Q: 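Take a look at this one; I'll ask things after.
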Amino acid sequence: MALRAAAGRCRCLARALAAPSLARVPPGPPPPPPPAAAALGQLGARARFASTAGQGSEGEGPQRRVVVVRITSPFAWLRTRFYYLLIRLYFDQEFSIEEFTRGAKQAFSVVSKLLSQRKLELLDELVSAEVLQVLKEKISLLPDSHRDALAADIDSIMYTTEGDVRIYYDDDGRKFVSILMCFWYLNGANLPVEVPSETKVFQIVFGDESSKEKKHLLTANYEFQREFTEGAKPDWTITRIEHPRLLE
């Protein structure tokens with residue numbers, strides 16, 4: 001029953017990405033600052049991470065809040081907005097990057113958890129066959145600590161932004177749109193100190209000296225692709241999954 005329920009959630013997420021205007025979610029917090037194409041590093045995009053402490057309600061003690069500040073190139077931001085305009089003009093008049101981002105976050109959370117649990121057979125609805133084949137080989141070789149670090153709870157995703165956006169045609173004239181999404185998330189897996197190297201800088205401690213909870217701020221890149229050829233299924237498929245230093 002649990003496996004069928006998980007598969008049902010995957011199908012719901014696939015439909016949410018395919019038709020954002022029909023699969024709305026309750027309003028969430030205000031959107032982050034305008035995102036930009038993080039993949040275009042040559043344009044000078046960079047990120048800064050920090051944690052701030054705040055006093056909770058009476059009796060709760062101090063609380064920690066992680067703040068992610070991303071400084072990006074205005075040229076990259078304009079480029080992605082131009083592509084979104086083309087998508088609305090020529091492919092999908094109801095396309096909304098805000099709705100797409102919400103659906104992508106849900107898909108990322110579900111897929112990352114299934115990867116962590118080695119339940120790759122439940123990913124047929126969301127992940128391409130080519131990527132699944134590669135993942136099966138990699139997941140089987142991962143130590144438990146690395147596999148645990150793949151999982152991202154929806155509430156642990158600190159920041160989400162678009163990476164590269166592409167519109168292209170193949171040799172048969174089929175039309176495709178792909179959007180690379182970049183996620184920053186907190187994970188409390190017991191990772192070795194030396195691996196992954198970047199998490200040594202972004203180890204965040206919550207609570208007081210008597211009850212410390214250490215979490216790693218990790219990154220992941222998921223690429224979503226949809227075919228817009230007439231008659232094609234209106235589904236977004238994940239065609240690229242990267243968890244740097246964890247899943248290589």
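Because the structure is predicted, anything quoted here is derived from the model rather than measured.
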Q: Can the ring centroids of Tyr185 and Phe108 be said to lie less than 6.0 angstrom from one another?
A: yes
Q: Identify the two heavy atoms, one from Thr237 and one from Val127, that lie closest to each other, and give their separation to 0.1 Å.
A: CG2-C, 3.8 Å
Q: For Asp171, does the CG atom sit with more than 12 other heavy atoms under 6.0 Å from it, leaving out its own atoms?
A: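 Open.
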Q: Is there side-chain contact between Asp148 and Asn190, with heavy atoms separated by less than 4.5 Å?
A: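 Answer no - side chains too far apart.
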Q: Any side-chain heavy-atom pair from Arg240 and Met181 closer than 4.5 angstrom?
A: no
Q: Tell me whether Leu120 is reachable from Leu142 by hopping between hydrophobic residues (I, L, V, M, F, W, Y) whose side-chain heavy atoms are closer than 4.5 Å.
A: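 The answer is yes; both residues are in one hydrophobic cluster.
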Q: Measuring only between side-chain heavy atoms, which start at C-beta, is Leu247 closer than 4.5 Å to Ile139?
A: yes
Q: If every non-hydrogen atom of Glu227 is compared with every non-hydrogen atom of Arg174, which pair is closest and at what distance?
A: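 Answer, listing the atom of Glu227 first, then Arg174: OE2-CD, 3.1 Å.
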Q: Are Leu123 and Val134 connected in a single hydrophobic cluster, I mean Ile/Leu/Val/Met/Phe/Trp/Tyr linked by side-chain heavy atoms less than 4.5 Å apart?
A: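 In one cluster: no.
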Q: How far does CD1 of Ile167 sit from OG of Ser178, to the nearest 0.5 angstrom?
A: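 Going from the CD1 atom of Ile167 to the OG atom of Ser178 covers 9.0 Å.
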Q: List the steps and the verdict of ring pair (Phe, Tyr, Trp, His ring centres under 6.0 Å) for Phe224 and Phe100.
A: CA-CA 10 Å; Phe224 296 83; Phe100 178 87; 5.7 Å; yes
Q: So, do Lys105 and Phe183 sit near enough that their side-chain heavy atoms are less than 4.5 Å apart?
A: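 Side-chain contact under 4.5 Å: yes.
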Q: Locate the shortest heavy-atom distance separating Ser140 from Arg118; write the atom from each residue and the value.
A: O-NH2, 4.5 Å
Q: Quick check for you: to the nearest 0.5 Å, what is the distance between Ser128 atom OG and Gln225 atom CD?
A: 8.0 Å
Q: I'd like to know if Leu89 and Phe82 are part of one continuous hydrophobic network [Ile/Leu/Val/Met/Phe/Trp/Tyr, side-chain heavy atoms within less than 4.5 Å].
A: yes
Q: Is the side chain of Asn187 donor-acceptor paired with the backbone N or O of Ala151 at a distance under 3.5 Å, no angle test?
A: yes
Q: On a heavy-atom basis, which atom in Pro234 and which in Arg226 lie closest, and how many Å separate them?
A: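 Pro234 and Arg226 have their closest heavy atoms at CB-NH2, 3.4 Å.
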Q: Could you report the tightest heavy-atom contact between Ser112 and Ala152, atom names first, then the distance?
A: OG-N, 3.1 Å
Q: Under 4.0 Å between a side-chain nitrogen and a carboxylate oxygen: does that hold for Arg79 and Glu162?
A: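 Here Arg79 does not pair with Glu162 in a salt bridge, since their nearest N and O are not under 4.0 Å apart.
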Q: Between Pro244 and Ala220, which heavy-atom pair has the shortest distance, and what is it?
A: CD-CA, 4.3 Å
Q: Could you tell me how the ring of Trp184 sits relative to the ring of Tyr159: parallel (under 30°), tilted (30 to 60°) or perpendicular (over 60°)?
A: tilted
Q: Say you draw a straight line from CG of Leu114 to CD of Glu121; how long is it, rounded to the nearest 0.5 Å?
A: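 One finds 8.5 Å between CG of Leu114 and CD of Glu121.
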Q: Contact between Arg88 and Gln93 at the side-chain level, heavy atoms closer than 4.5 Å - yes or no?
A: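 No, their side chains stay 4.5 Å or more apart.
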Q: Please determine which of Leu150, Asn221, Thr219 meets the side chain to side chain contact (heavy atoms under 4.5 Å, CB included) test together with His243.
A: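 The residue from Leu150, Asn221, Thr219 that satisfies side chain to side chain contact (heavy atoms under 4.5 Å, CB included) with His243 turns out to be Leu150.
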Q: Treating Ser109 as the side-chain partner and Gln106 as the backbone partner, does any N or O pair qualify as donor plus acceptor under 3.5 Å?
A: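 Checked: no pair found.
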Q: Calculate, to the nearest 0.5 Å, the distance between atoms CZ and CD1 belonging to Arg102 and Ile97 respectively.
A: 10.5 Å
Q: Do Val177 and Phe228 touch side chain to side chain, with heavy atoms closer than 4.5 Å?
A: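 Heavy-atom side-chain distance check passes, below 4.5 Å.
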Q: Within this structure, what is the OG1-CH2 distance for the pair Thr161 and Trp77, rounded to the nearest 0.5 Å?
A: 11.5 Å
Q: Look at the side chain of Asp153 and the backbone N and O of Ser156, then say whether any donor-acceptor pair between them is shorter than 3.5 Å.
A: no
Q: For the residue pair Leu186 and His216, establish whether any side-chain heavy-atom pair is separated by less than 4.5 Å.
A: no
Q: Between the main-chain N or O of Arg147 and the side-chain N or O of Ser116, is there a donor-acceptor pair closer than 3.5 Å?
A: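 Yes, because the side chain of Ser116 sits within donor-acceptor range (under 3.5 Å) of the backbone of Arg147.
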Q: Say you draw a straight line from CD1 of Ile241 to CG of Leu115; how long is it, rounded to the nearest 0.5 Å?
A: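 These two atoms lie 5.0 Å from each other.
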Q: Indicate, with yes or no, if Leu141 and Leu246 share a hydrophobic cluster defined by side-chain heavy-atom contacts under 4.5 Å among Ile, Leu, Val, Met, Phe, Trp and Tyr.
A: no
Q: Under 4.5 Å between any side-chain heavy atoms of Leu217 and Met158, yes or no?
A: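 Sidechains of Met158 and Leu217: in contact.
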Q: Under 4.5 Å between side-chain heavy atoms, hopping through other hydrophobics if needed: is there a path connecting Leu86 to Phe176?
A: no
Q: Would Tyr84 and Phe95 count as a side-chain contact (heavy atoms from CB on, under 4.5 Å) if you check the C-alpha gap in whole Å, the side-chain angles of each, and the deciding distance to 0.1 Å?
A: CA-CA 8 Å; Tyr84 300 149; Phe95 176 80; 3.8 Å; yes
